[in-house]
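Computed over heavy atoms, backbone and side chain alike; hydrogens, waters and symmetry mates excluded.
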Amino acid sequence: MRKSALLFVVALLVWTGCQQEKQEVIDLPRTNATPEVIAAVDSFIQATQTRPVAPDSITLHSIMILKHGKVVYEKWLNGQTAETPHQMFSVSKTFTATAVGLAINEGKLNLTDPVVKFFPDKLPAEQSDNLKAMTVRDLLTMTCGHDVEPNSHRVDSVDWVEGFLAWPVKHKPGEYYLYNSVGTYMLSAIVQTVTGEKLIDYLDTRLFQPLHIARPQWDESPQGINCGGWGLQLKTEDMAKMGQLFLQKGEWNGKQIVPADWLKEMSSYQVPSAPSGTRFEDLEKAGLNKDNNEWVQGYGYQMWICRHNAFRADGFAGQYIMVFPDRDAVLVLTTSSSLYQPYIDLIWEYLLPIL
């Protein structure tokens, strides 16, 4: 009888805990969209359908606009719903950099730590001076010194960390920008090494739960390390919460969950930048400059600087968390797009005025 009573109490506590967890899922506050906002978004959606010329295309999946901390517009299209997690692609990088900042704040690592320090058992037999000089900051700013992005992560039989460390480091770290998703994977590996937790677990208690984001899915390497630079899946509102956290300088419901100084560093110009797959020396030849390209405005820590005093988390095919501090606004878009600059040009043309 006592055993049955004990089992009942345990079951009751578990049920109560589940109910409390459900009650803690809090959406962002809403307000009604103005006719001006509705008209502007309608025009934007129509332009994404009519402006591209085949075979180019822009297929919107969702759009959410926040002003002064409230959702003023939200819409899901083309089979997507508010409850549908979306592939973040490189938006994942911003969350990885946030984890690095939290670990630094907890005294587990420093920006100036050499990357080789964390993986003594995975180093190549011969280590170049450039490899030894590579730091955590160099990974964050995509200036780790590679001339070509490592591709060993595409081979499951290769340890991704070992493949990265064995890759030639042609340039002096900190001086040559090259978009490098595997470098972000290394940040994930470093966080896991110094905290003893996978990136997803480390962020769950420190970021996702405080923001009332249900534990998301994040792809892993064969070695059991979250990919870091890609593979995270989030709902549109989850993305919006992250943007709002930046606006609120890391404060959420009266609690500082991410250091304000770190978010400021992440979203500020740290190094000059170039589009993914483009080398600096090819920018002029390609006709890309700050007047016509959003990917040469500069790079922070795993975030892009935008025109109009904004910054963004940016993922392949048009996944954006755009933050506008001067306007106290956040714009979130999930998309399947073969266009990049023309797509952002439409955002500036139609949506920027209503922010």
Side-chain angles (χ1 to χ4, degrees), residues 25-34 36-52 56-95 208 211-218 230-247 294 303-304 306 310-324 327 329-340 342-355:
V25 176
I26 302 173
D27 292 336
L28 291 164
R30 262 73 174 170
T31 189
N32 293 330
T34 65
E36 179 188 22
V37 168
I38 294 172
V41 177
D42 286 347
S43 296
F44 169 71
I45 293 173
Q46 183 178 10
T48 64
Q49 297 169 347
T50 58
R51 291 279 190 91
D56 295 324
S57 65
I58 301 172
T59 303
L60 286 174
H61 292 162
S62 69
I63 178 171
M64 184 173 284
I65 301 172
L66 277 68
K67 283 283 290 182
H68 311 309
K70 295 182 178 180
V71 178
V72 300
Y73 188 95
E74 56 189 321
K75 189 180 184 75
W76 286 263
L77 307 94
N78 296 300
Q80 302 295 304
T81 72
E83 298 304 313
T84 306
H86 200 283
Q87 276 286 0
M88 292 292 94
F89 299 102
S90 287
V91 168
S92 309
K93 292 178 171 65
T94 296
F95 289 82
F208 297 134
L211 293 184
H212 306 289
I213 294 175
R215 180 186 171 90
Q217 184 175 346
W218 204 328
W230 66 96
L232 179 63
Q233 296 185 30
L234 292 173
K235 300 173 186 177
T236 306
E237 185 154 348
D238 300 337
M239 300 168 69
K241 289 177 178 178
M242 189 62 167
Q244 188 62 32
L245 181 69
F246 273 88
L247 275 184
E294 213 62 41
M303 297 194 82
W304 296 87
C306 302
F311 56 88
R312 74 185 185 282
D314 183 317
F316 173 78
Q319 323 315 317
Y320 298 130
I321 304 174
M322 292 184 164
V323 182
F324 301 82
R327 300 163 187 256
V330 175
L331 172 64
V332 171
L333 292 150
T334 60
T335 321
S336 175
S337 175
S338 61
L339 295 172
Y340 291 92
Y343 180 29
I344 288 190
D345 288 341
L346 292 179
I347 294 172
W348 297 153
E349 181 178 351
Y350 290 99
L351 301 183
L352 183 65
I354 60 170
L355 298 179

* Asked: Does a side-chain heavy-atom distance below 4.5 Å link Arg51 with Gln46?
  -> no
* Tell me, do Met239 and Met64 make a side-chain contact under 4.5 Å, heavy atoms counted? -> no
* Test item: Gln319 side-chain N/O and Ser90 main-chain N/O as donor-acceptor pair under 3.5 Å -> no
* To do: Drop me the distance from Leu346's CG to Ile45's CD1, to the nearest 0.5 angstrom.
  => 12.0 Å
* Considering non-hydrogen atoms only, spot the tightest contact between Ile354 and Ala40 and give its length. => CG2-CB, 3.5 Å
* To do: Measure the spacing between NE2 of His86 and CG of Asp238 and express it to the nearest 0.5 Å.
  => 13.0 Å
* To do: Verify the distance criterion only: is there a donor paired with an acceptor across the side chains of Ser62 and Thr236 at less than 3.5 Å?
  => yes
* Asked: Just by distance, with hydrogens left out, do Trp76 and Glu83 show a side-chain donor and acceptor under 3.5 Å apart?
  -> no
* Calculate, to the nearest 0.5 Å, the distance between atoms NZ and CH2 belonging to Lys93 and Trp230 respectively. => 7.5 Å
* Asked: Is any side-chain heavy atom of Arg312 closer than 4.5 Å to a side-chain heavy atom of Cys306?
  -> yes
* Rounded to the nearest 0.5 Å, what separation is found between the CD1 atom of Ile63 and the CG atom of Leu333? -> 5.0 Å
* Assess whether side-chain contact (heavy atoms from CB on, under 4.5 Å) is satisfied between Thr31 and Val71, documenting all intermediate values. => CA-CA 6 Å; Thr31 189; Val71 178; over 6 Å; no
* To do: Evaluate the criterion side-chain contact (heavy atoms from CB on, under 4.5 Å) for residue pair Ile65 and Val330; output intermediate values, then yes/no.
  => CA-CA 6 Å; Ile65 301 172; Val330 175; over 6 Å; no
* Asked: Judged by atom type as modelled, is there a donor-acceptor pair below 3.5 Å linking the side chain of Thr84 to the main-chain atoms of Gln80?
  -> no
* To do: Mind listing the closest non-hydrogen atom pair of Gly318 and Thr335 along with its distance?
  => O-OG1, 2.8 Å
* **Heavy-atom check, side chain of Phe324 versus side chain of Leu352, under 4.5 Å** => yes
* Test side-chain contact (heavy atoms from CB on, under 4.5 Å) applied to Met242 and Phe95, step by step -> CA-CA 9 Å; Met242 189 62 167; Phe95 289 82; 3.6 Å; yes
* Asked: To the nearest 0.5 Å, what is the distance between OG (Ser337) and CZ (Phe316)?
  -> 9.0 Å
* If we only count heavy atoms from C-beta on, is the Leu234 to Ile213 side-chain gap below 4.5 Å? -> yes
* To do: State whether Glu74 and Lys235 are salt-bridged, where the test is any N-O pair (Lys NZ or Arg NE/NH1/NH2 against Asp/Glu carboxylate O) under 4.0 Å.
  => no
* For the residue pair Ser336 and His61, what are the closest heavy atoms and their distance? -> CB-CE1, 3.8 Å
* Asked: Do Thr48 and Tyr343 meet the criterion of a side-chain donor-acceptor pair at a distance under 3.5 Å?
  -> no
* Structure fact -> Of all heavy-atom pairs linking Asn78 and Leu60, the shortest is ND2-O, 2.6 Å
* Asked: Between Thr34 and Asn32, is any pair of side-chain heavy atoms under 4.5 Å apart?
  -> no
* To do: Please tell me if the side chains of Asp42 and Lys75 come closer than 4.5 Å, counting only heavy atoms from C-beta onward.
  => no
* Structure fact -> Rounded to the nearest 0.5 Å, the CD1 atom of Ile347 sits from the CZ atom of Phe44 at a distance of 5.0 Å
* Please check if the distance between the ring centroids of Phe246 and Phe311 is under 6.0 Å. => yes
* Output yes when a side-chain donor or acceptor of Thr94 lies under 3.5 Å from a complementary backbone atom of Met303, and no otherwise. => no
* Should Lys70 and Arg30 count as side-chain neighbours, where that means a heavy-atom distance under 4.5 Å? -> no
* Nearest heavy atoms of Ser92 and Phe89, plus distance in Å -> OG-O, 2.6 Å
* For residues Val91 and Gly315, report the shortest heavy-atom separation together with the two atoms involved. => CG2-N, 3.5 Å
